[in-house]
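Notes to accompany the following structure.
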Amino acid sequence: MPVNLTPNAIEMINGGDVNLKPLVQVLDIKQMGSAQERFRLLVSDSVLTQHAMLGTQLNDRVKTGLVKKGSVIQLIDYICSQVQNRKIIVVLNLETIIPDCEIIGNPKMVSDAPAQKALPHTNSMQSSTVGYNNPSSQSHGSNMHSIRPALSSQNHGGNMQSFRPTSSTQNQGSKMRSFQPALGAQNYGNDVQSFRPTVQPPYQPPPSYRNHGAVMKNEAPARIIAINALNPYQGRWAIKARITAKGDLRRYNNARGDGKVFSFDLLDSDGGEIRVTCFNAVVDRFYDVVEVGKVYLISKGSLKPAQKNFNHLKNDWEIFLEATSTVDLCPEEDGSIPQQQFSFKPISEIEIAENNSIFDVIGVVISVNPSVPILRKNGMETQRRILNLKDGSGWTVELTLWGDFCNKEGQKLQEMVDSGFFPILAVKAGKVSDFNGKSLGTISSTQLFINPDIPEAHAAKDWFDRGGRDVASMSISKDIAQGGPKNEVRKTVSQVKLEGLGRSDKPDWATVRASLSFIKTDTFCYTACPLMIGDRQCNKKVTRSGNSRWQCDRCNQEFDDCDYRYLLQVQIQDHTGLIWATAFQESGEEILGYPAKELYLLKYESNDDTRFADIIRSRLFYQYLFKLKIKEEMYGDERRVKITIFKADEVSYSSESRYMLDLISKVRTY
């Protein structure tokens, strides 16, 4: 099928025409960069070629084969930018007309310089240069003419002279003529010369204008483009977007001195998101101006690669506002821009998510704990509140609220749950943590929406009201004690030994349903230091000093009373085998049911060995759900696997029955 590419398309694009929508052909494709994937094209209009850069939103066109070498494409949306003294076409939108086609014409690379140099020839060609639309050329004569041969002219004579413009010629004669060779000229004589097509640069005022007053600056408003089309090759741009989140004002100190920074997130009508960051003096201009939920027109910022450690948005760039940047409030509401954009995932996927990843979840709030003060490492006090979310995946997860979230949304949620109402909570940008099992936590960019008017919220409420509240669910978060990423993985005793758990760099976690077959009683507890070091108790072992007081070598202090803490060595046994494990204070109390001090006094002060033995025997062969931490440690020159009991729950036979029925149903599906 014959294909006609748009004539002179490259020349017109370089001249600033952005409404041409030309047909061009792709001659080559090259992937650029490693940190961010981009594609550079070589496009042709059958006469000239030019480099073009695809917007990242069009990368899939190349990966799926819609755009490849030989493809004929139509440029729908594009701009021509100056990059390092070279012009490059930035393609923002395109359509594939013919996926594969033979090379059309005999195109040549367009010159990146303002003017062409004469080509060397073997025949006797005479070369003369004159000024033509050149910034540095000066014309002092009259009756100047420009004579250009026709595109289809054929030259049959010899000794043709080539007159070509240069960048430094001054024209001072009269009746000066400028001859430019035709693009399609054919030469048939012995001495006829070959001419290379020349693309004239756009007109620029000569230097003499500098002394004749100011030149009017182009103050035309920048064209509004989509967020996903932004790239650093663009010169002037503007975006129209809604602010969906605004971070707190933060102060910092580094080698360059003190500073302040804040950022906010934008969302446009095409669903594109990007973060905007302001520093120091720019903070003073815009911090009190921008409001969440309002629509703004933003321009004259610089684009830099997004710092993915702090920026969770799906955009490879972020905007840095500068002194010349503008942020203008749109007086009229734009209904085409959504108020918020979510990417909800079921709670069950959090269990396999990487630590510090960002999640959007929605679920029913089934419990809310009171807010408690927490002392941070920097000595500052903050608030923490833990609540539990449940969704239709059959799992629950702990959501930890920090700081202001505790007293705002957290207090409101607690009042609703205490009154018997279970609200729907949508979490935007929660951070996954494996510190306490797998859980979610709030960060500065997190947003909480109580009973939002969105389809996912209505579906969650309908599921809960139709019986979801009574559906048995499993938690991917540990209840009280510290845990790890695998604390909800069920194992048997033999699996703990045979699978080599604990031999990696990080500890393994497993939940085992088993009973105690033996408890060592000769060293079931130890005397511990009660003094506080910062926000934690010392807990190091103490000994009697000469004056019958207790002494801690770590704290180098003496005191009258000490604490008693469990250090139980126990055997755990199920139907597959047995292992040794250690239970410390909290888990020791869960196993024996008594404080360590009470049993210590019973055995060593009251010398009631019979009562002490009865208590120990009553706990043997009693089933627990043990949550174990398995980690290999060094003992002298030998590596040993140490198993620690972090929690010991008495088996709830109703819950365990539901768990086993669920396993049976899953087996049937296979």
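The structure presented is a predicted model; accordingly, all values stated were derived computationally and were not measured.
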The criterion is side-chain contact (heavy atoms from CB on, under 4.5 Å); which residues satisfy it with E95, sequence neighbours excluded? I76
Electrostatic pair R40:D28 at N-O distance under 4.0 angstrom: no
Can a salt bridge be assigned to the pair K438 and E354 using a cut-off of 4.0 Å between side-chain N and carboxylate O? no
Are the side chains of Q25 and C101 in contact, using a 4.5 Å heavy-atom criterion? yes
side-chain contact (heavy atoms from CB on, under 4.5 Å) between V62 and L54, worked out: CA-CA 9 Å; V62 176; L54 278 188; 3.5 Å; yes
State which residue, out of N4, N8, I104, fulfils the side-chain contact (heavy atoms from CB on, under 4.5 Å) condition with S46. I104
Residues 452-460 side chain polar contacts: donor-acceptor under 3.5 Å, at least two apart:
{"unit_1": "D453", "atom_1": "OD1", "unit_2": "H458", "atom_2": "NE2", "d": "2.8"}

Decide whether a cation-pi geometry holds between K345 and F359; the criteria are a distance under 6.0 Å from NZ or CZ to the six-membered ring centre and an angle within 45° of the ring axis. yes
Salt bridge (charged side-chain N to carboxylate O under 4.0 Å, His left out) partners of D391, counting only residues at least two apart: none
Have S302 and E322 got a donor and an acceptor in their side chains that come within less than 3.5 Å? yes
Work out which heavy atom in H312 is nearest to a heavy atom in A429; give both atom names and the distance. NE2-CB, 3.6 Å
Relative to the ring of Y287, is the ring of F262 parallel (under 30°), tilted (30 to 60°) or perpendicular (over 60°)? perpendicular
Determine whether a donor-acceptor pair (N or O, by modelled atom type, separation under 3.5 Å) exists between the side chain of Q307 and the backbone of E318. no
